[in-house]
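Lettering of chains follows the sequences in order, A, B, ..., and the numbering in each one begins at 1. The basis for the numbers below is simple: all heavy atoms, side chains too, and nothing from hydrogens, waters or symmetry mates.
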Number of protein chains: 2
Amino acid sequence: MRETLRQAADFLLAHDHYDILTHAYPDGDTLGSGYALCAALRQFGKKARVITTALPRNFVFLAAGAEEQSFETETVVSVDVADEKLLGANKETYGGRIALCIDHHEINRVDAPLKCVDSCASSNCELLFLLFAEMGVQVTKPIATCLYTGIATDTGCFKYSNTSPRTLRTAADLLDCGVDAPAINKALFDTKSPQKLQLEQEIYSTLSYCADGRCAVAAATLDTQRRLGVGDDELEGIASLPRQIEGVEIGIILREKDPNVFKVSVRANERLVNAAQFCARFGGGGHAAAAGCQIRGSLDEVVHLLQTAAEECL
Amino acid sequence: MRETLRQAADFLLAHDHYDILTHAYPDGDTLGSGYALCAALRQFGKKARVITTALPRNFVFLAAGAEEQSFETETVVSVDVADEKLLGANKETYGGRIALCIDHHEINRVDAPLKCVDSCASSNCELLFLLFAEMGVQVTKPIATCLYTGIATDTGCFKYSNTSPRTLRTAADLLDCGVDAPAINKALFDTKSPQKLQLEQEIYSTLSYCADGRCAVAAATLDTQRRLGVGDDELEGIASLPRQIEGVEIGIILREKDPNVFKVSVRANERLVNAAQFCARFGGGGHAAAAGCQIRGSLDEVVHLLQTAAEECL
């Protein structure tokens with residue numbers, strides 16, 4: 001890994017005029033990575049900008065120091081992008097042009113001449129912290145703020161199994177750089193919009209259990225989504241709700257995409273049930289703990305189908 | 001602090017036959033501290049036991065290694081106890097007998113010949129980690145599990161402002177000792193009993209806003225508490241719910257203790273409103289960010305009283 005980091009550092013120091021690509025539906029890790037790298041490159045007098053399909057309201061603070069620069073793109077770098085498909089609307093412009101790919105996903109399909117991928121890193125920002133040390137970047141408070149946000153986002157504030165001792169030590173070093181972690185944590189993890197709260201209420205009101213309470217299913221119908229005016233932002237995160245209930249080993253959320261077409265998100269205790277295999281029954285897939293599929297039918301029919309499958313598994 | 005740690009370490013190594021006192025309504029920090037210290041003392045061939053008013057179901061795993069020992073008490077140590085009053089039912093037996101008080105609260109009122117208090121520590125368990133180094137304790141997996149649980153409990157899994165760089169580095173060292181942190185985090189932070197979920201639903205259904213959405217008030221009536229059969233365990237933590245709503249600067253929860261007697265918990269953005277001063281209007285007190293009071297009246301009356309006060313403050 002050290003060798004790879006050195007190569008990536010040399011590359012970044014040798015080139016200029018950077019477009020830094022983030023993935024579509026950007027989260028704190030890809031945006032934190034983008035704005036941190038942008039600021040780091042500018043420390044060396046280079047021109048750089050972040051290319052993103054969106055900058056969600058709650059992440060605007062990451063872009064605070066990155067005033068616009070105009071220049072002709074020479075070098076394209078991607079951060080936290082596992083596959084060019086995930087560039088979304090930017091794929092057309094940037095597909096095939098990535099010179100350096102920096103990522104932490106276990107499977108990375110980006111075809112680039114230079115790749116710096118560390119799947120042991122909790123987050124792309126944890127990897128960037130190592131890369132910055134190799135480059136001799138001064139980790140200022142704005143850079144540390146970006147990196148901390150990425151790490152906190154991907155680890156659920158150090159809750160998930162991707163949190164390693166190195167992750168925690170990196171976060172400690174970032175706090176030493178002056179990050180206002182409590183404010184970031186409050187905004188990311190302890191703040192709900194009244195809409196999101198209402199959405200959760202409505203979803204919980206549809207909750208039904210089966211298999212002696214070991215499976216729970218809930219739904220966000222089109223009607224609910226329209227009435228509350230909630231978008232993808234608010235719908236993020238709801239997939240984990242049913243699995244949080246004590247005793248639930250398979251938690252299922254249905255999200256009606258079109259009339260009688262449901263996007264199904266399954267979260268499972270992978271020691272008991274493989275969520276990917278469960279979803280494969282319905283033509284879907286994913287990971288052992290989190291997977292998805294799509295099913296057509298009325299809400300009652302789809303719930304019944306999933307509950308029958310869950311009872312067979314448990 | 002180093003000097004104090006050395007004195008406490010010498011004391012613990014020099015004495016024997018320990019009763020280790022935890023505070024009433026025990027949480028992960030006092031219990032984690034108790035069982036960690038018990039295991040540490042036994043490493044040196046000493047007799048020790050933990051004295052607690054209760055061992056909540058979700059913390060039973062902390063006591064896993066502590067088989068019963070019978071002996072005459074010689075030495076009494078308290079952990080995470082800020083005041084003898086907080087010993088609850090054990091105050092009668094142990095009041096005035098504490099030989100060593102180990103604590104991390106800013107204000108500690110325990111009268112003991114030897115006190116080891118570090119208010120810079122996020123948690124009592126963070127302080128114990130330093131003390132164990134001074135004693136030469138081998139931090140085994142069970143001890144690390146207890147210490148990690150205490151730190152995670154008191155910092156909200158590293159979310160709150162008491163999380164210092166040292167806190168994160170201590171947690172990293174504990175992970176190195178083999179703690180199954182993801183399982184502990186899931187149990188502590190991502191698990192809700194169906195009852196607790198129902199309780200939250202009912203509380204949210206009573207939510208009312210004032211001061212342009214900057215104050216939110218919700219209530220758990222006696223009727224709700226009885227119908228759901230919820231106790232103090234489930235009612236823990238609900239105080240923070242309204243303040244989590246975006247835009248809310250004062251979040252208030254009313255808990256009906258007796259008919260028309262409400263325990264009021266106030267959580268505030270202390271940069272705008274001092275919760276302690278707010279509660280002082282009603283004869284209560286506390287901290288700038290979290291305070292409480294008690295008010296008599298019908299639910300409607302009490303809500304109206306609080307909302308009027310909130311509108312004056314904001």
> Using non-hydrogen atoms only, which part of B/Ile245 is less than 4.5 Å away from chain A: side chain, backbone, both, or neither?
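Interface part for B/Ile245: both.
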
> Identify which of B/Ala187, B/Ser161, B/Ala171, B/Pro194 forms the greatest number of heavy-atom pairs closer than 4.5 Å to chain A.
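Answer, by heavy-atom pair count under 4.5 Å with chain A: B/Pro194.
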
> Mind ranking B/Gly247, B/Ala216, B/Cys157 by heavy-atom pairs under 4.5 Å with chain A and telling me who comes out on top?
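Winner by heavy-atom pair count: B/Cys157.
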
> With distance as the sole test, does B/Ser33 use its side chain to make a donor-acceptor pair with the main-chain N or O of B/Asp29 at under 3.5 Å?
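At least one qualifying donor-acceptor pair exists.
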
> Using only heavy-atom distances, determine whether the side chains of B/Gln307 and B/Ser208 contain a donor-acceptor pair under 3.5 Å.
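Present: a donor and an acceptor within the cut-off.
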
> Heavy-atom pairs under 4.5 Å with chain B: which of A/Gly156, A/Ser164, A/Pro182 has the most?
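Of A/Gly156, A/Ser164, A/Pro182, A/Pro182 has the most heavy-atom pairs under 4.5 Å with chain B.
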
> Could you look at B/Leu174 and say if it's the side chain, the backbone, both or neither that has a heavy atom under 4.5 Å from chain A?
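Neither; nothing under 4.5 Å.
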
> Strictly by modelled atom types, are A/Thr167 and A/Thr170 linked by a side-chain donor-acceptor pair under 3.5 Å?
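No.
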
> Using heavy-atom distances under 4.5 Å, tell me whether B/Arg166 contacts chain A through its side chain, its backbone, both, or neither.
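Neither; nothing under 4.5 Å.
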
> In this structure, are over 12 heavy atoms from other groups packed under 6.0 Å from A/His287 atom NE2?
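Counting other residues, nucleotides and ligands, NE2 of A/His287 stays at 12 neighbours or fewer.
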
> Specify which of B/Asp190, B/Val248, B/Asn162, B/Leu207 makes the most heavy-atom pairs with chain A at under 4.5 Å.
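Most heavy-atom pairs under 4.5 Å with chain A: B/Asp190.
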
> Give a yes or no answer on whether the side chain of A/Asn269 reaches the backbone of A/Arg271 with a donor-acceptor pair at less than 3.5 Å.
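Confirmed, A/Asn269 side chain pairs with A/Arg271 backbone.
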
> Would you call B/Asp176 and A/Arg169 a salt bridge, using N to O less than 4.0 angstrom?
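So B/Asp176 pairs with A/Arg169 through a salt bridge.
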
> Just checking, is any N or O donor in the side chain of B/Glu202 or B/Thr221 under 3.5 Å from an acceptor N or O on the other one?
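Note: B/Glu202 and B/Thr221 side chains miss the donor-acceptor criterion.
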
> Name the member of A/Leu188, A/Asp173, A/Thr163 that forms the most heavy-atom pairs with chain B at distances under 4.5 Å.
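Option with the greatest count: A/Asp173.
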
> Looking at B/Glu246, B/Lys186, B/Gln195, which one has more heavy-atom pairs under 4.5 Å with chain A than the rest?
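With the most close heavy-atom pairs to chain A, the winner is B/Glu246.
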
